[in-house]
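The structure under discussion appears below in the form of structure tokens.
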Amino acid sequence: MAAGCITTCTLSPHSPSSVTHTPSSVIIKSFNLKFQQNEKTATHGRYRASLIMNPESFEVGRLIGSYGFMNVTSYDTSPQLQDVGGLKFQDVREGDVQIRSLFCRLYEGRVAQGPRKGTPIIFKVYPGKQIGGLEADMMASNELKSHAFLQSCSPSISKNIQILLGGFETKTGEQWLAFRNDGKYSAADYAKASSEKLSKNRALVEQKSWNPFEEESNMKRKRFFIIKLLQGVLSGLAYMHDNERLHQSLGPSSVVLNTMVDKDAAYLVPRLRDLAFSVDIRFSSLEENAYGLSEGLWRRARSSGAYTTMEKRAFGIADDIYGAGLLFATLAFIPFCEAGIVDSLSLQRLLETTFKLDLAATREYCLADDRFLDAVKFLDSGDGAGWELLQMMLNPDFRNRPIAEAVLKHRFFAAALL
């Protein structure tokens, strides 16, 4: 996972019911993209049509939240901060590393005309160059091109990747990407809600107003939900890697869910999103593109001893697996702990800084703390299969990490459901 590529999403349930940016008031310019012929058509079951690039084809609904990206942009020492019209980006100095945060807006909407008329949409709006700088345009362009490629490179796209329907650019330079609305909530939202529900139920147990036997049933449903969530994430990641694309921003906020209800796990379809930092790892691209949004990735590759084209490609795939490992750890701990006990960043520090990615030592530490008991039990499934898999995915040597297909076949996924 790109160390500086982090996404966060904030939903606003009480946002206004309408917005001023309607399709009739925006003027399309161009995405300045040069598609190859086979990138123009997306195929997904009954979805077989060119991406919709005309703003008149969309209707924009209410603002539902904001979306943040954090990326290491340089190693300069000059901090900057801008806030224009509610759209923000900032450069934060951490030691000698400059980190840029860029915020997008999210809107509901629908397709207003054509064969997909009525299809619900989530718009992701990148600020224009004046606010977000050149990087905002680069990220929007890269996200659109990555989805277009993944939706055209195979007869049947993975169901575990979010579907892009189109997009347009306004006169003010904002980039609007239109995604099919297959869910508004993320794996991060699920982990938080599950933790809060656990706290509430245990408070009822203490008050003797909750059946303790119900808690075990809840735990079984939760385990099944999380296993299916992880399998969906890894299936989507395997599809990307098979088609020469890295994700590079994988985390709890970059997985969209169509349900957060444990008992509805049979209908759960996790989908990967946030391909703004996606990297093309075809050998021809690796030889040409060493800078831009992937510069940080290749810098870390060189520091890890990956110099040749083949080594860089292997490092990139292993880097995504590391990000998936951190996501696995997040879902193995937060939903099984009461609210406020642990969050994804503190868990990452615990694994990387405190225990130097020694999962055996991490287990001993957690075993001594009753607050982590259910998380330990989950990872202990199959005689410690969860800890074993986590150690493989977070192996300090990128050469020893498994590929996504191998992770999917690990015995933990069966053992955790027994």
Side-chain angles (χ1 to χ4, degrees), residues 1-11 65-72 92 99-104 106 122 124 139 142-143 146-147 160-162 179 183-195 225-226 228-241 245-257 260 268 270-279 293-294 296-297 300 316-335 337 342-353 357 375 389-390 393-394 398 401 404 407:
M1 168 177 157
C5 301
I6 302 171
T7 57
T8 59
C9 182
T10 303
L11 294 178
S66 61
Y67 212 85
F69 292 90
M70 185 181 295
N71 186 37
V72 176
V92 182
I99 299 176
R100 161 163 287 193
S101 299
L102 183 146
F103 296 87
C104 301
L106 298 175
I122 294 291
K124 183 177 182 179
M139 290 165 63
N142 190 50
E143 185 158 15
S146 297
H147 277 283
N160 299 116
I161 296 178
Q162 192 175 40
F179 296 93
K184 301 176 186 176
Y185 298 102
S186 69
D189 297 321
Y190 168 76
K192 181 175 182 291
S194 185
S195 179
F225 188 98
I226 292 172
K228 191 164 184 185
L229 198 166
L230 289 170
Q231 288 174 326
V233 168
L234 290 161
S235 294
L237 194 61
Y239 178 86
M240 291 188 68
H241 291 174
R245 282 295 190 280
L246 302 180
H247 190 286
Q248 283 299 288
S249 189
L250 190 58
S253 293
S254 61
V255 182
V256 65
L257 308 176
M260 293 203 304
L268 172 66
R271 292 178 172 88
L272 300 183
R273 63 181 180 186
D274 304 334
L275 303 189
F277 294 99
S278 180
V279 178
L293 295 172
S294 60
L297 169 66
R300 289 183 291 107
I317 292 173
D319 203 47
D320 268 359
I321 295 298
Y322 188 91
L326 292 176
L327 173 60
F328 176 20
T330 295
L331 294 172
F333 275 87
I334 296 178
C337 296
V342 67
D343 58 50
S344 58
L345 290 178
S346 61
L347 180 60
Q348 184 174 349
R349 286 195 296 269
L350 184 74
L351 293 168
E352 295 178 340
T353 305
L357 300 178
L389 178 57
L390 200 54
M393 298 175 75
L394 299 180
F398 76 90
R401 293 175 201 153
V407 175

Roughly how far, to the nearest 0.5 Å, is CZ of Arg271 from OG of Ser235?
12.5 Å
Applying side-chain hydrogen bond (donor to acceptor under 3.5 Å, both in side chains), can you list everything that pairs with Gln231, at least two apart in sequence or on another chain?
none
Answer yes or no: is there a side-chain heavy-atom contact under 4.5 Å between Ile226 and Tyr190?
yes
Taking side-chain hydrogen bond (donor to acceptor under 3.5 Å, both in side chains) as the test, write out the residues that go with Asn160, two or more places apart.
none
Report yes if some heavy atom in the side chain of Arg245 is under 4.5 Å from a heavy atom in the side chain of His241; otherwise report no.
no
N/O donor-acceptor pair under 3.5 Å between Ser346 side chain and Asp343 backbone:
yes
Quick one: are Pro252 and Leu327 in side-chain contact, heavy atoms under 4.5 Å?
yes
Taking the side chain as C-beta and beyond, is there a heavy-atom pair between Ile321 and Leu237 under 4.5 Å?
yes
Any chance you could measure Met260, atom CE, to Leu229, atom CG, to the nearest 0.5 Å?
11.5 Å
Rounding to 0.5 Å, atoms CD (Gln248) and OG (Ser146) come to a distance of 11.5 Å
Validation row: Phe277, Glu143 side chains within 4.5 angstrom (heavy atoms)
no
Is the closest side-chain heavy-atom distance between Asp274 and Gln162 below 4.5 Å?
no
Is any side-chain heavy atom of Asp189 less than 4.5 Å from a side-chain heavy atom of Ser186?
yes
Sub-4.5 Å side-chain heavy-atom contact between His247 and Ser254:
yes
Tell me if a side-chain donor or acceptor on Thr330 pairs with a main-chain N or O of Ser344 at a distance below 3.5 Å.
no
Who are the salt bridge (charged side-chain N to carboxylate O under 4.0 Å, His left out) partners of Lys192, not counting sequence neighbours?
Glu196
Return the NZ to CG distance between Lys228 and Leu257, rounded to the nearest 0.5 Å.
11.5 Å
Give a yes or no on whether the backbone of Ser278 and the side-chain of Asn142 come within a donor-acceptor separation of less than 3.5 Å.
yes
